[in-house]
Amino acid sequence: MTTTIATEASRTPGLRAGRRRGPAQHPWVRFGLRRFGGLLLSFAVLTAVTFLIVPLIPGDPAAVAAGDGASAAQIAQMRQELGLEQPLIVQFLTYFSGIITLDLGTSFISGEEVSQVIFSRFPFTAQIALLAIVLVLLIAVPVGMGVAILTRGGRLPWLDHGFNVVTGFIYAVPQYVMGTLLVVVFAVTLGWFPAAGAATFDSLVLPTAGLMFGPACVIARVVRRETAVVLDKDYVRTARGWRLGAARTHLRYVLPNLITTTLTLSGLILAAQLGGAVVIETVFAWPGLGQGIVNAILQRDYPVIRGIILVLGLLATLIIILVDVVLAVIDPRNLGGASHDA
Amino acid sequence: MNRAETRRPAARRWATVTTVLTTATLALAGCTTGSGNASAPEGGASTDTINTTFNADPTTFSPPQGRNADDYMASRLLFDTLVRRGTDNSIVPNLASAWEVTPTRGVFTIGENGTCSDGTRITPTVVADSLRNFASPDTNSNFRELVFGPGKTTITADDEAGTVTIDVTEPWADMLQGLSMTATGIVCPDGLADPKGLNAGTADGAFSGPYALAEKQSGVKYAFKLREDYSSWPQYEPAIEGVPAATINASVNANSSAVANELLTGTRDIAIIRGKDMSRFDGQKGFTAEKFPIGSMFALFNERQGSPFTDAEMRRSVAQVVDRNAFSQAATGGQGEPYYSFAHPSVPCAVTDASAVLPQDPAAAAQALTGEKIKFLGTQVFGPNGAANTYVSEAMRQAGADVELRNVDLATWSTDSQKPEKWDMTLMGAINAGGTMYGALSVLIGPSTENGGLNWTGNENPELKALVADAMAEEDEAKRCGIYNEIQRIVVEDAHAVPLGSLVAQTTAREGFAVSVFNGQRDESTMRITK
């Protein structure tokens, strides 16, 4: 009997929407629960992995923290002070209980609170990563769409080839080389922008530019390909048949169909940039988290390494969830979200 | 309704979401950029500010706990010492206006103008309390022995006479020079009462030096403000030209290329440049550049049982395969100088004569080295990816040795070098912050690291230790130098260390700014605006 009712319900939209749907069955609630579960899972994995992997880096943090000229006895005392002599399980419980009370510990090297280290550096990474991704979207989407529209049906083949060559070439230039070129041309030669540091507003320009070129090329190429596909769809042909203006057709009927791919890709790029801007941060002496984690690794500063990885990992997860939310707001069909689980 | 029209609400939602996200992003960027300093560029030759750099965050603001060059730099700005090193290895007054020193006692007359950053007068009691804290085993300073020697130290203050007396139970002729080290910086009562705050730089009344820490942003920048009530400047001869900056801004920047770019574009005024970027200022108009040694490099051997280098002939053979000029090329791109002592040439009594070292003779070396299996532990900081280690190991391979080179990062090197079973030889880049002969010798004599000492070789070298004791007890400087020359001769002849060359850096200043380097040591408190 139960099976019969369930089968009936599944065949009857009215039953599904009305009688069977409690608060827990609301699509947004299910969506939220799935994402929250994913977030918890990510947190658990990140906590365990950061704790276990960091000590595998060769080198004794106590030897580094004790400094030049420290004797073996001083290093041993330092190891004791840092809690490295405690059993692993005790260290983990201390670490975990700290995390759930929002205490990420203190730096082995400076004694500063890890949360303070992260708080000090995070805004700098966020600035260039967010500005870069916004500029990437503002530039790459129109360019990709424009090239696809102009080259539709094999028109302007030189533009198509030129676009592929230029975006391929720029993407292939390593960030280190791109950053150095930007410094040589715009800072050292022309003197338009500061060469390094984060002292003034215009310091943002070159690191942001260095960070955005590669992703802009990727997204422009993806948008160009997606646009070409959408332009061949029946509903676009129909819109043209109704003699709607080109701008209206492209903005209303083409652009929305690029959103899923573009936003998903942008979310992944942003998540990667938050944690992976280390090359650009090094070239421009930009005091972000990327430099912070490299320094922490070189100094075997376990609490700082763990704190930064944990925060970046959770941020990446939150960004992907945010992208899913945005996609679901734009198109509720994405609430199913099978392909974007956090 | 056709399919295209069903997309209209989605398009509107998309536009709304995009607008909100863009606005939020731009607002965030605007709100968080550059500490709100957009209208006042940090660079440029302002009349009262010097912009400089730290290589890394200072790890502590407590002088006795200082561990690296950035800690020393912060200490120089924030804390005065009793004396300072001046030109030609002279010792000049700082907080002490006069002194009488023997190998077992130092009596220091404390000047009357010293004040703490909270206005407290620096009396002999304040000085004695600070030095007792430095000497205390609880403080565990790495520099204690370099300053006061291995014996017991007694420090007494006489406020009426205005003196501090330091007695040591074992003669220690290095005491006066040791008291110029940043580690002995005088910490005011506010700092001694709050060790945590002292360490973090938040004990506002702790500072005895010309500057107070005004701002600290980890990984980003540090600002030091000149104290208006400060007047106990070191009595350098000749006097330093220029005026001290009202503010010193130090950004954190470990990338020498970026630091050089900042100097060239006017964002920084004074900075230390390392590696190949030093040559960018060769003949560069509008800049002054001075190279100074940040360490002396020498080969060091594990002389414990089981190591091939218990045999002096084996150690000498390493000295015989090395070409110091080729080594300097590998280690510093030719910027460094060959050294002929384990102590750098500015250390009092250091040997600077090439004839003191064993001549190159690969053929003779091959007789000892052929077929010998050698574990060479090297750190990547000497030359690009440890090129200096690669050069030495290749020279040894040419002479027939079977060398297993491990080029590792500094942290791994610091760890593995404490484990004698993991290495037979290594290259040491000794910083020797005190600039004393004992500072250079400390890794070669006395108790081994595993026995609580600083001796990496594992060979206590009682003969050298006895000579050091003689030198430390010798009041006559010329005779003391004679003993140290003998020590250097033995070290080189028996090849307990093979002197190789200098690690160099370059202090670079834009026109209108200057900083002094005394005896190969840069003194950050001498940064000045010269026009």
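Computed over heavy atoms, backbone and side chain alike; hydrogens, waters and symmetry mates excluded.
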Enquirer: Side chain, backbone, both or neither: which part of A/Thr282 has an atom under 4.5 Å from a heavy atom of chain B?
Expert: both
Enquirer: Using heavy-atom distances under 4.5 Å, tell me whether A/Ala66 contacts chain B through its side chain, its backbone, both, or neither.
Expert: backbone
Enquirer: With chain B, which of A/Ser107, A/Ser110, A/Gly197 has the greatest number of heavy-atom pairs at distances under 4.5 Å?
Expert: A/Ser110
Enquirer: Which of the residues B/Asn261, B/Asn455, B/Asn451, B/Leu146 is involved in the greatest number of heavy-atom pairs with chain A at under 4.5 angstrom?
Expert: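 Among the listed options, the one with the most contacts to chain A is B/Asn261.
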Enquirer: Between A/Pro61, A/Pro287, A/Gly111, A/Gly288, who has the most heavy-atom pairs with chain B when the cutoff is under 4.5 Å?
Expert: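 The answer is A/Pro287.
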Enquirer: Check whether A/Leu137 gets within reach of chain B through its side chain, its backbone, both or neither, counting any heavy atom under 4.5 Å.
Expert: neither
Enquirer: For B/Gln380, does the CD atom sit with more than 12 other heavy atoms under 6.0 Å from it, leaving out its own atoms?
Expert: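 For B/Gln380, atom CD is crowded (more than 12 foreign heavy atoms under 6.0 Å).
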Enquirer: Give the minimum heavy-atom separation between A/Arg121 and B/Ser218, together with the two atoms involved.
Expert: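 It is CG-O, 4.3 Å.
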Enquirer: Could you tell me which non-hydrogen atom of A/Ser120 sits nearest to which non-hydrogen atom of B/Gln217, and how far apart they are?
Expert: OG-CG, 3.4 Å
Enquirer: Please name the pair of heavy atoms, one in B/Arg67 and one in A/Ile109, separated by the smallest distance, quoted to 0.1 Å.
Expert: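 Closest heavy-atom pair between B/Arg67 and A/Ile109: NH1-O, 2.9 Å.
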Enquirer: Let me know if B/Ser414 has heavy atoms under 4.5 Å from chain A in its side chain, its backbone, both or neither.
Expert: both
Enquirer: If you round to the nearest 0.5 Å, how far is CG of B/Leu454 from CD of A/Gln74?
Expert: 7.0 Å
Enquirer: Tell me, side chain or backbone of B/Lys419 under 4.5 Å from chain A's heavy atoms, or both, or neither?
Expert: neither
Enquirer: Where on A/Val283 is there a heavy atom nearer than 4.5 Å to chain B: the side chain, the backbone, both, or neither?
Expert: backbone
Enquirer: Are any side-chain N or O atoms of B/Asn255 and backbone N or O atoms of A/Glu281, one a donor and one an acceptor, separated by less than 3.5 Å?
Expert: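 Judged by distance alone, no pair lies under 3.5 Å.
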Enquirer: Is B/Leu410 in contact with chain A via its backbone, its side chain, both, or neither, using a 4.5 Å heavy-atom distance?
Expert: neither
Enquirer: Given a strict heavy-atom distance threshold of 4.5 Å, which part of A/Gln116 is in contact with chain B: side chain, backbone, both, or neither?
Expert: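 It is neither, since no heavy atom gets under 4.5 Å.
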Enquirer: Among the options B/Asp416, B/Val252, B/Asn142, pick out the one with the most heavy-atom pairs lying under 4.5 Å from chain A.
Expert: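 Top count of heavy-atom pairs under 4.5 Å with chain A: B/Asn142.
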Enquirer: Which pair of heavy atoms, one from B/Thr412 and one from A/Pro58, lies closest together, and at what distance?
Expert: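 Looking at all heavy atoms of both residues, the closest pair is OG1-O, 3.4 Å.
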Enquirer: For residues B/Ala411 and A/Leu298, report the shortest heavy-atom separation together with the two atoms involved.
Expert: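 Minimum heavy-atom separation between B/Ala411 and A/Leu298: CB-O, 3.6 Å.
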Enquirer: Given a strict heavy-atom distance threshold of 4.5 Å, which part of A/Ala62 is in contact with chain B: side chain, backbone, both, or neither?
Expert: neither
Enquirer: Got a sec: does the CH2 of A/Trp28 have more than 12 other heavy atoms crowding it under 6.0 Å?
Expert: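 Yes, the 6.0 Å shell around CH2 holds more than 12 heavy atoms from other groups.
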Enquirer: Using a cut-off of under 4.5 Å for heavy-atom pairs, which of B/Leu264, B/Asn253, B/Thr449, B/Asn140 has the most such pairs with chain A?
Expert: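 Top option by heavy-atom pairs under 4.5 Å: B/Asn140.
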Enquirer: Of the backbone (N, CA, C, O) and the side chain (C-beta and beyond), which part of B/Glu450 lies under 4.5 Å from a heavy atom of chain A, both, or neither?
Expert: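 Only the backbone of B/Glu450 comes within 4.5 Å of chain A.
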Enquirer: Sort B/Ser141 into side chain, backbone, both or neither according to what part of it lies under 4.5 angstrom from a heavy atom of chain A.
Expert: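 For B/Ser141, the backbone is the part near chain A, not the side chain.
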Enquirer: Testing the basics here: between B/Thr265 and A/Ala187, what is the closest heavy-atom pair and its distance to 0.1 Å?
Expert: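 Closest pair (atom of B/Thr265, atom of A/Ala187, distance): CG2-O, 3.4 Å.
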Enquirer: Working to the nearest 0.5 Å, report the span between CD of A/Gln299 and OG1 of B/Thr59.
Expert: 8.0 Å
